[in-house]
Visitor: 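If you scroll down you'll find the structure; I have some questions about it.
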Amino acid sequence: MTSPYFRIADLAPHAGTSVTVQGWVTHLRSKGKIAFIVLRDGTGVIQCVIVKGQVDEITWARFAELTQETSVKISGELRADARAPGGFELAVQELEILGLSPLDYPIQPKEHGIDFLLDHRHLWLRSNRQRAIARVRNELEQSIHDFFYERGFLRVDTPLLTAAIGERSGLFSTEYFDEGNAYLAQTGQLYGEAAAAAFGKIYTFGPTFRAEKSKTRRHLTEFWMIEPEVAFNDSDDNMRLQEELVSYLVQRVLERCKAELSELERDTSRLEPVRAPFPRVDYSDAVAILQAKGSSIQWGDDLGAEDESLLVEDHDRPIFVVNYPREAKAFYMKENPADPRTVLCNDCLAPEGYGEIIGGSQREDDHDRLLQRIREEELPEDAYGWYLDLRKYGTFVHSGFGIGLERTVAYICGLPHLREAIAFPRMMHRLRP
RNA sequence: UCCCCAGUAGCUCAGUUGGUCAGAGCAUCCGACUGUUAAUCGGACGGUCGUAGGUUCAAGUCCUACCUGGGGAGCCA
């Protein structure tokens with residue numbers, strides 16, 4: 001076998017020559033003396049045509065052994081053909097079976113229930129749709145790094161094993177030598193603040209864990225979060241950074257993932273208007289708007305999922321809801337000098353029902369006020385000693401936010417559920433595969 | 001933790017007021033076919049109706065409990 005080996009995505013310029021590809025059989029169609037093999041290699045799909053009489057008897061017999069997901073090596077002439085999906089097809093000359101696949105391959109090119117698909121997630125990933133999602137996710141991850149790198153941010157990796165610190169919601173715990181329990185990190189933010197005091201502009205990028213017993217399309221127990229923290233940024237600076245980031249991400253995926261968005265049947269006209277600036281809605285105004293729309297929300301309540309959708313439905317891009325009541329938010333957010341009932345924070349709500357993709361705030365930089373908030377929340381004071389040090393030794397105005405990667409992937413891809421936005425989702429009832 | 005929904009063939013589902021209700025399509029197997037696009041056509045194989053009790057002459061169908069999963073609330077990204 002002398003013809004050169006290519007990935008399917010790289011085949012097009014080699015039409016008219018003899019090539020070799022390797023991949024998995026995704027589809028077999030036999031029409032008697034002519035048959036078709038749809039081959040997938042992760043970069044793309046190509047139809048291979050095998051004709052009785054044009055290959056030797058051994059090769060023709062070998063075709064009959066093929067099953068879905070058999071891995072093969074095929075050589076033949078690549079030619080343009082309008083009848084082939086993708087416009088090219090491979091006229092099979094040599095066919096080598098690399099690994100047979102038994103007849104019980106569970107995923108069919110048919111409808112399946114979500115329970116079944118999640119049980120077979122390791123195989124479900126082989127579908128065109130899952131490949132498209134994975135590629136958009138990858139583009140987003142790369143875009144996030146590029147965005148921050150170009151703006152002089154330092155990436156800081158924060159610990160996943162922590163003492164009790166962070167958000168109020170559920171913690172996963174594990175024994176940690178003689179130190180008692182360690183907890184899987186729910187956020188890197190507090191460490192990010194320490195890093196911002198050291199390095200100025202930083203971001204974290206990593207997995208976070210929440211042991212919330214939530215069963216909804218918007219929650220995972222393990223998800224990836226990006227948390228920038230910027231010294232001397234106030235809440236307004238913080239929102240400008242957020243809208244720049246989200247716009248950058250959406251526009252870049254629109255540019256570079258056209259085929260993937262098409263595979264996902266995403267209505268890109270809903271993404272094209274996503275450019276800074278985003279509208280800002282004060283929390284108190286939001287409550288009035290929602291009440292006018294019939295919501296039962298009262299001043300002081302956090303926004304429910306329904307409320308979020310109602311607020312964004314009038315806009316063609318994400319919006320910010322700013323300055324929530326103190327009671328609805330975390331202890332580390334800075335009191336709003338203009339209205340001490342509220343704190344300097346924002347949620348970024350995506351359109352089309354995707355809801356909160358970012359939560360951000362200016363941090364409390366006054367040592368005594370922060371200590372008071374820790375005591376009010378009855379948090380373990382000794383665990384926050386180092387965090388208070390950041391206000392003791394040269395305190396500084398600073399702000400940051402957390403953007404959920406899976407929620408961003410789901411929004412941009414138009415996915416109905418977060419579980420498709422990550423290769424192996426972790427949910428309350430899903431620990432395997 | 002709470003509320004709602006579902007569990008029938010390998011998969012997706014239908015199954016009426018309890019009474020030929022053990023069904024279909026797909027997958028798989030056998031056969032036909034030289035341009036298929038989830039090919040088509042003919043035939044075959046395939047089920048302890050989630051589990052355990054109960055009501056009844058009779059339960060896939062009604063009742064109770066449990067198990068498994070899904071959707072939502074709360075919480076958040």
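The model shown is predicted, which means the values in this text are computed figures rather than measured ones. By convention in this document, chain letters (A, B, ...) are assigned in the order of the sequence lines, proteins followed by strands, and residues within each chain are numbered from 1.
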Visitor: Work out how far the P atom of A24(B) is from that of A9(B), and round it to whole angstrom.
Guide: 14 Å
Visitor: Hey, does the side-chain of Arg79(A) have a donor or acceptor N/O within less than 3.5 Å of a partner on the base of G35(B)?
Guide: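 Such a pair exists between side chain and base.
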Visitor: Any base atoms under 4.0 Å from Glu111(A), or only sugar-phosphate, or nothing? Heavy atoms, all strands.
Guide: sugar-phosphate
Visitor: Over all strands shown, is Asp302(A) touching base, sugar-phosphate only, or nothing at heavy-atom distances under 4.0 angstrom?
Guide: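 Sugar-phosphate: the residue Asp302(A), judged by heavy atoms under 4.0 Å, touches backbone atoms but no base.
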Visitor: Heavy atoms from C-beta onward define the side chain here; which of U34(B), G71(B), C76(B) lies closest to that of Val51(A)?
Guide: U34(B)
Visitor: Which base, if any, makes a Watson-Crick or G-U wobble pair with U64(B), both distances under 3.5 Å?
Guide: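 Per the H-bond distance test, A52(B).
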Visitor: Take Thr67(A) and Met427(A), find for each the nucleotide of RNA chain B with the closest heavy atom, and name the residue whose nucleotide sits nearer the 5' end.
Guide: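 The residue closer to the strand's 5' end, by nearest nucleotide, is Thr67(A).
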Visitor: For His429(A) and C5(B), what is the distance between atoms NE2 and P respectively, to the nearest whole Å?
Guide: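 The distance from NE2 of His429(A) to P of C5(B) comes to 17 Å, rounded to the nearest Å.
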Visitor: Does the side chain of Gln47(A) pick up a donor-acceptor pair with the side chain of Arg29(A) at under 3.5 Å?
Guide: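 Short answer, yes.
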Visitor: Look through every strand shown and name the nucleotide pairing with C76(B) as Watson-Crick or G-U wobble, where both distances are under 3.5 Å.
Guide: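 Across all strands, not a single nucleotide pairs with C76(B).
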Visitor: Taking the C1' atom in each of G69(B) and C29(B), what is the distance between them to the nearest angstrom?
Guide: 32 Å
Visitor: May I have the step-by-step check of side chain to side chain contact (heavy atoms under 4.5 Å, CB included) for Phe278(A) and Ile319(A), ending in yes or no?
Guide: CA-CA 5 Å; Phe278(A) 298 164; Ile319(A) 66 168; 5.6 Å; no
Visitor: From the set G35(B), U36(B), C29(B), return the single nucleotide nearest to any side-chain atom of Arg29(A).
Guide: U36(B)
Visitor: Name the closest nucleotide to the Lys215(A) side chain, picking from G35(B), U12(B), G70(B).
Guide: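 Closest nucleotide to the Lys215(A) side chain: G70(B).
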Visitor: Regarding Leu405(A), tell me which of base, sugar-phosphate or nothing describes its non-hydrogen contacts under 4.0 Å with the strands shown.
Guide: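 Here Leu405(A) touches no strand at all.
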Visitor: If we take the C1' atom in both G18(B) and A32(B), what is their distance in whole Å?
Guide: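 Those two atoms are separated by 46 Å.
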Visitor: Give a yes-or-no answer on whether the side chains of Glu77(A) and Gln93(A) include a donor-acceptor pair shorter than 3.5 Å.
Guide: no
Visitor: Which nucleotide in the set U28(B), U36(B), A73(B) lies at the smallest distance from any side-chain heavy atom of Leu103(A)?
Guide: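 Nearest listed nucleotide: U28(B).
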Visitor: What is the distance, rounded to the nearest whole Å, between atom CD1 of Ile50(A) and atom C1' of G35(B)?
Guide: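 Rounded to the whole Å, the gap is 15 Å.
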Visitor: Nearest whole angstrom, please: distance from the C1' of C45(B) to the CG of Asp104(A).
Guide: 16 Å
Visitor: So Thr408(A), base contact, sugar-phosphate only, or nothing? Heavy-atom distance under 4.0 Å.
Guide: nothing
Visitor: Is Lys31(A) close enough to G35(B) that one of its side-chain N or O atoms is under 4.0 Å from OP1 or OP2 there?
Guide: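 For Lys31(A), the contact criterion (side-chain N or O under 4.0 Å from OP1 or OP2 of G35(B)) is met.
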Visitor: Tell me: CG of Leu349(A) to P of C76(B), nearest whole Å?
Guide: 14 Å
Visitor: Please determine whether a side-chain nitrogen or oxygen atom of His219(A) lies at a distance below 4.0 Å from atom OP1 or OP2 of C76(B).
Guide: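 His219(A) to C76(B) OP1/OP2: no side-chain N or O under 4.0 Å.
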Visitor: Record whether the side chain of His112(A) comes under 3.5 Å of the base of C11(B) through a donor-acceptor pair of N or O atoms.
Guide: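 Counting by modelled atom types and ignoring angles, no donor-acceptor contact under 3.5 Å is found here.
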Visitor: Remember a base hit wins even if backbone is also touched, and classify Ile358(A) as base, sugar-phosphate or nothing at under 4.0 Å, heavy atoms.
Guide: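 Ile358(A): backbone/sugar contact only, no base atoms under 4.0 Å.
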Visitor: Using the P atom as the reference point in each nucleotide, state the distance between G43(B) and G7(B) in Å, no decimals.
Guide: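 Per the computed distance, 31 Å lies between those P atoms.
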Visitor: In whole Å, I'd like the distance from the CD atom of Glu229(A) to the P atom of A77(B).
Guide: 13 Å
Visitor: Phosphate oxygens OP1/OP2 of G70(B): is one of them under 4.0 Å from a side-chain N or O of Arg430(A)?
Guide: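 True: Arg430(A) side-chain N/O within range (under 4.0 Å) of G70(B) OP1/OP2.
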Visitor: Do you see a donor-acceptor pair shorter than 3.5 Å between the side chains of Thr70(A) and Trp24(A)?
Guide: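 Result is no, nothing qualifies.
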Visitor: Could you tell me whether Asp115(A) contacts a base, only the sugar-phosphate backbone, or nothing, with contacts defined as non-hydrogen atoms closer than 4.0 Å?
Guide: sugar-phosphate
Visitor: Among U34(B), G35(B), C76(B), which nucleotide has an atom closest to any side-chain atom of Arg83(A)?
Guide: G35(B)
Visitor: What I want to check is whether an N or O donor and acceptor connect the side chain of Glu89(A) with the base of G35(B) at under 3.5 Å.
Guide: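 Pair found.
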Visitor: Does a side chain donor of either Tyr354(A) or Glu308(A) reach within less than 3.5 Å of an acceptor in the other side chain?
Guide: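 No, no side-chain donor-acceptor contact under 3.5 Å.
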Visitor: Let's see if you can work this out: which of C29(B), C26(B), C33(B) has an atom nearest to the side-chain heavy atoms of Gln108(A)?
Guide: C26(B)
Visitor: Counting C-beta onward and ignoring hydrogens, is there a side-chain heavy-atom pair between Tyr203(A) and Glu229(A) closer than 4.5 Å?
Guide: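 In short, these two side chains do not touch, never coming nearer than 4.5 Å.
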Visitor: According to the Watson-Crick and G-U wobble definitions, with both distances under 3.5 Å, which nucleotide is paired to C41(B)?
Guide: G31(B)
Visitor: On a whole-Å scale, what distance lies between the C1' atoms belonging to A59(B) and G15(B)?
Guide: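 Looking at atom C1' only, A59(B) and G15(B) are 14 Å apart.
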Visitor: Ring centres within less than 5.5 Å and planes less than 30° apart: is that true of Phe223(A) and A77(B) in this structure?
Guide: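 A stacking contact exists, since Phe223(A) sits close and nearly parallel to the base ring of A77(B).
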Visitor: Determine the sole option in Ile46(A), Ile8(A), Val25(A), Val45(A) for which the side-chain contact (heavy atoms from CB on, under 4.5 Å) test with Arg40(A) is passed.
Guide: Val45(A)
Visitor: Assign His120(A) to base, sugar-phosphate, or nothing according to its heavy-atom contacts below 4.0 angstrom with the strands shown.
Guide: nothing
Visitor: Grab the CD-P distance between Gln189(A) and C76(B) for me, whole Å please.
Guide: 13 Å
Visitor: Rounded to whole Å, how long is the line connecting atom CG of Leu118(A) with atom C1' of U68(B)?
Guide: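 Going from CG in Leu118(A) over to C1' in U68(B) covers 14 Å.
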Visitor: Strictly below 4.0 Å: does Arg419(A) bring a side-chain N or O up to OP1 or OP2 of G69(B)?
Guide: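 False: Arg419(A) side-chain N/O out of range (4.0 Å or more) of G69(B) OP1/OP2.
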Visitor: Among A77(B), U36(B), A73(B), which is the nearest nucleotide to the side chain of Glu212(A)?
Guide: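 So the side chain of Glu212(A) is nearest to A77(B).
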Visitor: Measure the distance from CD on Glu222(A) to C1' on A77(B) and round it to the nearest whole Å.
Guide: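 Nearest whole value for this atom pair: 14 Å.
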Visitor: Could you tell me the Watson-Crick or G-U partner of G69(B), where both distances fall under 3.5 Å? Say none if there is no partner.
Guide: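 Answer to the pairing question: C5(B), which forms a Watson-Crick or G-U pair with G69(B).
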Visitor: Rounding to the closest angstrom, what is the interatomic distance between A77(B) and U16(B) at atom P?
Guide: 47 Å
Visitor: Let me spell it out: for each of Ile114(A) and Ile357(A), pick the nucleotide of RNA chain B with the closest heavy atom. Which residue's pick is nearer the 5' end?
Guide: Ile114(A)
Visitor: If the C1' atom of U56(B) is compared with that of U17(B), how far apart are they to the nearest Å?
Guide: 16 Å
Visitor: Taking donor-acceptor contacts at under 3.5 Å, does the side chain of Gln47(A) reach the base of U36(B)?
Guide: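 Per atom types, the contact qualifies.
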Visitor: Please give the nucleotide sitting opposite C26(B) as a Watson-Crick or G-U wobble pair, both distances under 3.5 Å, or none.
Guide: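 When the pairing criteria are applied, G10(B) turns out to be the nucleotide that pairs with C26(B).
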Visitor: Remember a base hit wins even if backbone is also touched, and classify Ala305(A) as base, sugar-phosphate or nothing at under 4.0 Å, heavy atoms.
Guide: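 The residue Ala305(A) makes sugar-phosphate contact but no base contact.
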Visitor: Does Arg129(A) make a cation-pi contact with Trp124(A) (under 6.0 Å, within 45 degrees of the axis)?
Guide: no
Visitor: Using a cut-off of 4.0 Å on non-hydrogen atoms, how would the nucleic acid contact of Gly32(A) be classed: base, sugar-phosphate, or nothing?
Guide: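 Counting heavy atoms under 4.0 Å across all strands, the contact made by Gly32(A) includes a base.
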Visitor: In whole Å, measure the gap between the C1' atoms of U40(B) and G50(B) for me.
Guide: 37 Å
Visitor: Any donor-acceptor pair under 3.5 Å linking the side-chain atoms of Tyr324(A) with those of Asp347(A)?
Guide: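 Indeed, the side chains of Asp347(A) and Tyr324(A) share at least one donor-acceptor pair under 3.5 Å.
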Visitor: For Gln362(A) and Asn238(A), test the side chains for any donor-to-acceptor distance below 3.5 angstrom and give the result as yes or no.
Guide: no
